[in-house]
Amino acid sequence: MCENKFYKDGLNFECQRCSFCCGHSPGFVYLSKRDLFALCEFKKMSIKDFVAAYCRWADYYYGSQVLALLEQKNYDCILWENGCSCYEARPVQCSTYPFWNWMIEDEKTWNECAQECPGMNKGKLWPVDVIEENRRKYVENIPLHREEVLELIKQEIESSKK
């Protein structure tokens, strides 16, 4: 399966802690159910409170809206404080970077992305199986839709009344 991939022998990547992928320009960090639960547990916050403090609704496909992290005024992620303040519980979107399906689609795209990320094509050699595992995690990490989040909050409120 991977023998035809341009990265069949692996790719070099080592984070340079430049924070470019964590801010500097508008973007979205979409949150899945796994992400939301991990961040709430890490912050020791209820879903309702975490969503109110750290999240926004992002327009998504087919007129739907999904949960995403807020950005600071300079476009840095709301969780960025000279480093990720929730690194141990960071969203899958963040932990799988730069091995996102569209970034590793072909060598041209990879190298275009590397022009903005000083860690790409440098440092540690990541084997193809790890790259593919990260790609799979990224693809399978489905953002929570507004209705799903509201239902989780409703369930949380109901269970706290018991």
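Note that the structure is predicted; figures quoted are calculated from it, not measured.
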Please output the side-chain donor-acceptor pairs of residues 57-67 that fall under 3.5 Å, not counting sequence neighbours, one pair per line with the distance.
| unit_1 | atom_1 | unit_2 | atom_2 | d |
| --- | --- | --- | --- | --- |
| D59 | OD1 | Q65 | NE2 | 3.2 |
| S64 | OG | Y61 | O | 2.8 |
| S64 | OG | H145 | NE2 | 3.4 |
| Q65 | OE1 | R146 | NE | 2.9 |
| Q65 | OE1 | R146 | NH2 | 2.9 |

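A continuous path of hydrophobic side-chain contacts links V130 to Y7 [ILVMFWY only; heavy atoms under 4.5 Å]. Side-chain heavy atoms closer than 4.5 Å link hydrophobic residues (I, L, V, M, F, W, Y) into clusters, and following such links, possibly through other members, connects F13 to V128. Cluster membership for V92 and Y97, using ILVMFWY side-chain heavy atoms within less than 4.5 angstrom, is not shared. Tracing side-chain contacts under 4.5 Å through hydrophobic residues (I, L, V, M, F, W, Y), one reaches F37 starting from V29; they form part of the same cluster. Hydrophobic clustering, with ILVMFWY side chains joined whenever heavy atoms are under 4.5 angstrom apart, groups V51 together with I157.
Pairing each heavy atom of C55 with each of L70, the nearest pair is O-CG, 3.5 Å. Closest heavy-atom contact between M120 and A114: CB-CB, 3.7 Å. When all heavy atoms of G123 and E14 are compared, the pair lying nearest together is CA-OE1, 3.3 Å. Scanning both residues, D76 and G23, for their nearest heavy atoms gives OD1-CA, 3.4 Å. For the pair E116 and F20, the tightest heavy-atom approach, listed with the atom from each and the gap, is O-CD2, 3.4 Å. The nearest pair of heavy atoms linking S95 to N134 is O-OD1, 3.8 Å.
In this structure, N141 contributes its side chain and K137 its backbone to no donor-acceptor pair below 3.5 Å. In this structure a side-chain-to-backbone donor-acceptor pair under 3.5 Å is present from S32 to D35. No donor-acceptor pair closer than 3.5 Å links the side chain of T109 to the backbone N or O of M103. Here the side chain of Q72 pairs a donor or acceptor atom with the backbone of W80 at under 3.5 angstrom. With hydrogens and angles ignored, the 3.5 Å screen pairs no side-chain donor or acceptor of E156 with any backbone N or O of S46. Looking at Q16, its side chain never comes within 3.5 Å of a backbone N or O of G119 through a donor-acceptor pair. Using a distance-only test at 3.5 Å, with no hydrogens or angles considered, a donor-acceptor pair links the side chain of E71 to the main chain of G27. Between the E41 side chain and the A89 main chain, no donor and acceptor come within less than 3.5 Å of each other.
The aromatic rings of W102 and W100 lie tilted to each other, with the angle between the two planes from 30° to 60°.
C117 has its side chain out of reach of K122: every pair of non-hydrogen atoms, C-beta onward, lies at least 4.5 Å apart. Between L79 and L39 the shortest side-chain heavy-atom distance falls below 4.5 Å. With contacts defined as side-chain heavy-atom distances shorter than 4.5 Å, the pair F6/N111 does not qualify. At least one side-chain heavy atom of L152 sits under 4.5 Å from a side-chain heavy atom of L144.
In this structure, NZ in K124 is found 12.0 Å from SG in C15, a value given to the nearest 0.5 Å. Atoms CE and OH, on M45 and Y54 in that order, are 5.5 Å from each other to the nearest 0.5 Å. Annotation: the span from E81 atom CD to C22 atom SG amounts to 12.0 Å, rounded to 0.5 Å. Rounding to the nearest 0.5 angstrom, the gap separating the CZ atom in F99 from the CD atom in E133 is 12.5 Å. For the atom pair CD1 of I47 and CD of Q155, the computed distance is 8.0 Å after rounding to the nearest 0.5 Å. Distance OG/S19 to CG/N82: 9.0 Å, rounded to 0.5 Å.
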Next item on the list: Begin from the C-alpha positions of W110 and N121 and carry the test side chain to side chain contact (heavy atoms under 4.5 Å, CB included) through to its verdict.
Entry: CA-CA 9 Å; W110 173 263; N121 294 327; 2.8 Å; yes
Item checked: Verdict with reasoning, I104 to Y138, per side chain to side chain contact (heavy atoms under 4.5 Å, CB included) -> CA-CA 12 Å; I104 60 172; Y138 175 79; over 6 Å; no
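For K48, the NZ atom counts as loosely surrounded, since its 6.0 Å shell holds 12 or fewer non-hydrogen atoms of other residues, nucleotides or ligands. Heavy atoms of other residues, nucleotides or ligands lying less than 6.0 angstrom from CZ of R17 number 12 at most.
A salt bridge links R135 to E132: at least one charged side-chain nitrogen sits closer than 4.0 Å to a carboxylate oxygen.
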